[in-house]
Amino acid sequence: MSTQNLALLTDLYELTMAYGYWKLSRERGSSLAERQAVFHLSFRNNPFAGGFAIAAGLESVIDYLRHFQVTAEDAAYLGTLTGNDGKALFDAGFLRELEGMRVACDIDAVPEGTVIFGHEPLVRVRGPLLQCQLLETALLTLVNFETLIATKAARVTLAARGEPILEFGLRRAQGIDGGITASRAAYLGGCAATSNVLAGKRFGIPVKGTHAHSWVMCFDDEADAFEAWAEVMPNNCTLLVDTYNTLEGVRHAVQTFLRLRARGHKPAGIRLDSGDLAYLSIEARKILDEAGLREVPILASNDLDETIIRSLKEQGAAITIWGVGTKLVTAYDQPALGGVYKLSALQQQDGSWGHKIKLSEQKAKTSIPGILQVRRFRGADGRVIGDMIYDELTTGAGSMGGGTEIIDIVDVTRKKPIAAGTAFEDLLQPIFRGGKLVYESPPLERIRERTLGQLQTLHPGILRSIYPHEYPVGLEPGLNALRNELILRYRRPGGV
């Protein structure tokens, strides 16, 4: 999918709004379609009721924007769409405007593998209003899913406490593209390898796998099946031992491994895929150790996730490699991130900027106005201590050097002071300028290393999978005041 033109990967209402901007610009001379606008892509709540998320999907966004072009075939299709009166939905002039159009926007984004939190912009889009509007659906599609899966992978990796996670989810994934995308995002989030061979080829992810129950069932005797596997795969001999009787299968595996080792090969491990994994792994470890096979690892699978892995570890399970599939690649317990894409600033006819805000009776759903940037502060020990969202229109990048405070987005009584001279970095980085790519994506392996390194900068309480500590994220005082002013200005009389 990454090399295809996906210009029509959008919801119809993006096109109808773009058409509205275009038509009003021509009928009223308002230049609305060409005016500079700024949109931000963010999510409100950290996924999985957790304390953080991992930014992902930027590489897919770059591919999408580099190949974006409305073709003659696309325009012809749009010309067949009709309204409820049976007449053409779009004027021919609008379709001629779209045909051949390339994106000319400035795009800023948080690099993949960065730890992020609710309300923070992951992507900032600045350019002609018509173009910014057309990008909404595709950007949300690309960023939402990959960020969700990368975050799930990070949670699973943390639960395993440094032991490798193998992503085994292709056969349960949401379609072909979902499976390939999930494999990349899972590796980015910390998984050590994938069973997905195409993802391995495309992204350079290590590929792991052994045999299924069908291999054992093709032989009259389990011991013969194991011997045959060791014969054909001496350098990849992980044996699935639970086809009939798990502990008896371990004993058969022991005999195969001893003969394999005598021939100069190293056994890769046994795999448990059903039953009481804690009990079976402990008993299997005893059998392996008594046979002098202490170096042979035990791999477990069977609908694992971070909660089950944590529980198995608390029970003393002797598992050292974890195969995680369905619940990872489908984000089983929260199948959508809930990202949003909101207009926050629009240039006026006279060239000045106007702040835009979307109100809601739910404070958390009231948008943040301005051209936004996220400043991350670090303590003397290198750990991150808080993120402040500020408006580049009203706050100069160097104007916070004398100390400031972070004001909570929902509860303005919650404030975190930031001392003068505190180390910081701004998260949004230039990706495109005027439609030209100015960012060099790092290799996937380096992005994965960034993820693992970023997690180490967080307080351990934030990493808890259940009831995590809340990381401070809020507004710069001036932006908070501006937002409150706009809320009061646009609130309906008598509104709450």
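Numbering of residues begins at 1 and proceeds along the displayed sequence.
By the 4.5 Å heavy-atom criterion applied to side chains, Tyr341 and Cys132 are counted as neighbours. Side-chain contact between Leu129 and Leu32 is present, with heavy atoms from C-beta onward closer than 4.5 Å. For the pair Ile205 and Asn196, the minimum side-chain heavy-atom distance is 4.5 Å or more. At least one side-chain heavy atom of Ile116 sits less than 4.5 Å from a side-chain heavy atom of Phe43.
Residues satisfying the salt bridge (charged side-chain N to carboxylate O under 4.0 Å, His left out) criterion with Arg433, sequence neighbours excluded, are Asp108. Taking the side-chain hydrogen bond (donor to acceptor under 3.5 Å, both in side chains) definition, one finds that Ser344 meets it with His40, sequence neighbours left out. For Phe94, the ring pair (Phe, Tyr, Trp, His ring centres under 6.0 Å) partners at least two apart in sequence or on another chain are Tyr19, Trp22, Phe90. Legend: residues meeting side-chain hydrogen bond (donor to acceptor under 3.5 Å, both in side chains) with Arg464, ordered by chain and number and at least two apart, are absent. With sequence neighbours excluded, the residues forming a side-chain hydrogen bond (donor to acceptor under 3.5 Å, both in side chains) with Gln349 are Ser31, listed by chain and number. Residues passing the ring pair (Phe, Tyr, Trp, His ring centres under 6.0 Å) test with Phe48, sequence neighbours excluded: none. Glu146 pairs by the salt bridge (charged side-chain N to carboxylate O under 4.0 Å, His left out) definition with Arg184, not counting sequence neighbours. Judged as a side-chain contact (heavy atoms from CB on, under 4.5 Å), and not counting sequence neighbours, the contacts of Gln362 are Ser360, Lys365. Contacts of Phe117 classified as ring pair (Phe, Tyr, Trp, His ring centres under 6.0 Å), with partners at least two apart in sequence or in another chain: Tyr471. Looking at residues two or more places apart in sequence or on another chain, you find no side-chain hydrogen bond (donor to acceptor under 3.5 Å, both in side chains) involving Arg448.
The nearest pair of heavy atoms linking Phe52 to Ile462 is CD2-O, 3.9 Å. Looking at every heavy atom in both residues, Asp391 comes nearest to His355 through OD2-NE2, 2.7 Å. The nearest pair of heavy atoms linking Thr147 to Val143 is OG1-O, 2.8 Å. Of all heavy-atom pairs between Leu475 and Met388, the closest is C-CG, 3.9 Å. Residue Ala150 comes nearest to Leu188 through the heavy atom pair CB-CD2, 3.9 Å, listed as atom of the first residue, atom of the second, then distance. The nearest pair of heavy atoms linking Ile165 to Ala160 is CD1-CB, 3.6 Å.
With values rounded to the nearest 0.5 angstrom, Lys208 atom NZ is found 11.0 Å from Leu299 atom CG. Expressed to the nearest 0.5 Å, how far CZ of Arg26 lies from CG of Leu24 amounts to 10.5 Å. Asn5 CG to His67 NE2: the interatomic distance, rounded to the nearest 0.5 Å, is 8.5 Å. Note that CZ of Arg483 and CG of Leu488 are 11.5 Å apart. Values are rounded to the nearest 0.5 Å. Between the CG atom in Leu130 and the OG atom in Ser25 there is a gap of 8.0 Å [rounded to 0.5 Å]. Atom CG of residue Leu6 and atom OG1 of residue Thr137 lie 12.5 Å apart, to the nearest 0.5 angstrom.
Within 6.0 Å of atom OH in Tyr332, 12 or fewer heavy atoms from other residues, nucleotides or ligands are found, so the atom counts as exposed in its surroundings. Residue Glu445 qualifies as enclosed at atom CD: its count of foreign heavy atoms under 6.0 Å is above 12. The environment of CD1 in Ile176 is sparse: at most 12 heavy-atom neighbours from other residues, nucleotides or ligands sit within 6.0 Å. In Arg171, the CZ atom is not crowded: 12 or fewer heavy atoms of neighbouring residues, nucleotides or ligands sit closer than 6.0 Å.
The backbone N or O of Gly325 sits nowhere less than 3.5 Å from a side-chain atom of Arg172 that would complete a donor-acceptor pair. Using a distance-only test at 3.5 Å, with no hydrogens or angles considered, no donor-acceptor pair links the side chain of Ser352 to the main chain of Gln348. Distance alone, capped at 3.5 Å, is enough to place a donor-acceptor pair between the Arg102 side chain and the Arg66 backbone. Using a distance-only test at 3.5 Å, with no hydrogens or angles considered, a donor-acceptor pair links the side chain of Glu167 to the main chain of Gly169. Checked by atom type and distance alone, the side chain of Asp305 pairs as donor or acceptor with a backbone atom of Thr307 at under 3.5 Å. Remark: side-chain polar atoms of Glu112 are paired, donor with acceptor, to backbone N or O of Gly57 under 3.5 angstrom. For Thr457 (side chain) and Gly453 (main-chain N/O), no donor-acceptor pair under 3.5 Å exists by modelled atom type. Using modelled atom types, one side-chain atom of Arg155 and one backbone atom of Ser465 make a donor-acceptor pair closer than 3.5 Å. With hydrogens and angles ignored, the 3.5 Å screen pairs no side-chain donor or acceptor of Glu392 with any backbone N or O of Ile371. In this structure a side-chain-to-backbone donor-acceptor pair under 3.5 Å is present from Asn46 to Gly118.
Using a 4.0 Å cut-off between charged nitrogen and carboxylate oxygen, Arg310 and Glu306 do not count as a salt-bridge pair.
Using modelled atom types and a 3.5 Å distance limit, the side chains of Asp63 and Ser60 yield no donor-acceptor pair. With hydrogens and angles left out, the side-chain atoms of Tyr390 and Asp426 include a donor and acceptor closer than 3.5 Å. Side-chain atoms of Tyr21 and Gln133 include a donor-acceptor pair closer than 3.5 Å.
Among residues at least two apart or in separate chains, salt bridge (Lys or Arg N to Asp or Glu O under 4.0 Å) pairs with a member in residues 328-351 are Lys152-Asp333. Residue pairs satisfying the side-chain hydrogen bond (donor to acceptor under 3.5 Å, both in side chains) criterion with at least one member in residues 78-88, sequence neighbours excluded, are absent.
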